[in-house]
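Before any comments, here is the structure.
Only heavy atoms go into these numbers, but all of them, side chains included; no hydrogens, no water, no symmetry mates.
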Amino acid sequence: MSEEEFRSVGYDFISDPYPIPGVDDDSIGAKRRDEAWAAISPLLEHYQSLLIKNERNRLINELLKSTGKPRLYITRQLRRYWQRGMAPNALAPDYHNCGAKGRPRREVEQKVGPKRTITPGVGVPVTEEVAELFRMALDGFYLTNEKVL
């Protein structure tokens, strides 16, 4: 359907709520995307067979013998490919969701991580003062000791 036909019926275009993530060439994300694409692309040659569970398992087992990748990696990448738009960029990692860009890390009031279950006591949040003690210990002992390096 052309855009004119689409608009003549009374429909409007809306932006995609789940855009396919793009990655820069020569980045780690592009390398991981290309690696995942190389891993699952032989499966996509038999796309109709992937819809049948027994055939899909047979094809995945054949692929595992030739690639040496773990089964979980192949199945996760295949699922990611299907769920994110069936394009090579659908296999790009979500590095844009990682980290806390522009936010300080040391403004914590409670200890991060799970509560203690084996040893008694409570954990201590790593504040700037505690981080400075760790830095001094590292600089004073581990980075000056030849046996440790």
Side-chain angles (χ1 to χ4, degrees), residues 1-128 130-131 134-135 137-138 142-143 145 147-149:
M1 180 179 236
S2 69
E3 186 175 344
E4 294 85 29
E5 293 173 327
F6 190 75
R7 293 199 185 272
S8 68
V9 176
Y11 293 120
D12 288 326
F13 286 101
I14 59 170
S15 63
D16 188 3
Y18 302 104
I20 296 174
V23 292
D24 297 330
D25 292 340
D26 299 331
S27 67
I28 295 173
K31 188 173 113 178
R32 297 263 168 98
R33 177 204 57 203
D34 296 340
E35 178 183 343
W37 178 252
I40 69 164
S41 60
L43 290 175
L44 301 177
E45 295 170 3
H46 313 284
Y47 192 78
Q48 295 295 326
S49 299
L50 290 176
L51 302 176
I52 303 167
K53 186 175 183 178
N54 293 338
E55 288 295 311
R56 180 173 60 241
N57 285 330
R58 183 184 59 78
L59 290 170
I60 289 174
N61 286 333
E62 289 175 7
L63 183 66
L64 293 176
K65 291 175 187 172
S66 63
T67 61
K69 296 275 186 192
R71 181 180 185 85
L72 186 60
Y73 177 80
I74 298 295
T75 54
R76 279 187 181 163
Q77 297 306 324
L78 189 58
R79 171 176 257 181
R80 181 177 243 188
Y81 177 76
W82 281 336
Q83 289 179 342
R84 294 181 172 202
M86 296 179 13
N89 268 348
L91 301 171
D94 292 331
Y95 290 148
H96 61 278
N97 291 337
C98 296
K101 193 171 185 178
R103 287 191 281 157
R105 290 293 199 165
R106 295 281 180 235
E107 293 180 12
V108 292
E109 297 171 7
Q110 292 182 338
K111 179 184 99 63
V112 295
K115 294 182 179 179
R116 291 184 181 186
T117 57
I118 298 172
T119 58
V122 293
V124 177
V126 180
T127 61
E128 279 297 325
V130 175
F134 280 122
R135 236 178 265 116
L138 287 170
Y142 286 105
L143 297 180
N145 193 342
K147 293 180 184 177
V148 176
L149 296 176

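- Atom CG of L59 is separated from atom CG of L64 by 11.0 Å, given to the nearest 0.5 angstrom.
- In R56, the CZ atom is crowded: over 12 heavy atoms of neighbouring residues, nucleotides or ligands sit closer than 6.0 Å.
- In terms of heavy-atom proximity, P42 sits nearest to A39 at CD-O, 3.7 Å.
- You'll find the side chain of K69 reaches within 4.5 Å of the side chain of E35, heavy atoms only.
- Open room surrounds CZ on R79; 12 or fewer heavy atoms of other groups in view lie less than 6.0 Å from it.
- Between A30 and D25 the shortest heavy-atom distance is CB-CA, 4.3 Å.
- Residues R7 and D12 form a side-chain contact, since some pair of their non-hydrogen atoms from C-beta on lies under 4.5 Å apart.
- The aromatic rings of Y47 and W82 sit perpendicular to each other, their planes meeting at more than 60°, with 30° as the lower class boundary.
- Expressed to the nearest 0.5 Å, how far CG of L50 lies from CD of E45 amounts to 10.5 Å.
- Here the closest heavy-atom approach between residue M86 and residue A90 is recorded as N-CB, 4.5 Å.
- For the residue pair P93 and G29, the shortest heavy atom distance occurs at CD-O, 3.5 Å.
- Once rounded to the nearest 0.5 Å, the distance linking OG1 of T67 with CG of L43 reads 9.0 Å.
- R71 has its side chain within reach of N61: a pair of non-hydrogen atoms, C-beta onward, lies under 4.5 Å apart.
- The neighbour count for R58 CZ, taken as heavy atoms of other residues, nucleotides or ligands under 6.0 Å away, is above 12.
- Counted within 6.0 Å of NZ on K111, heavy atoms from surrounding residues, nucleotides or ligands total more than 12; the atom is thus considered enclosed.
- Side-chain atoms of D94 and R80, non-hydrogen and from C-beta on, do get closer than 4.5 Å to each other.
- The distance from atom CZ of R33 to atom OG of S27, rounded to the nearest 0.5 Å, is 7.5 Å.
- Contact check for V130 versus T127: side-chain heavy atoms found under the 4.5 Å cut-off.
- When all heavy atoms of I40 and L78 are compared, the closest pair comes out as CG2-N, 4.2 Å.
- Counting heavy atoms from C-beta outward, R32 and I28 have side chains that approach closer than 4.5 Å.
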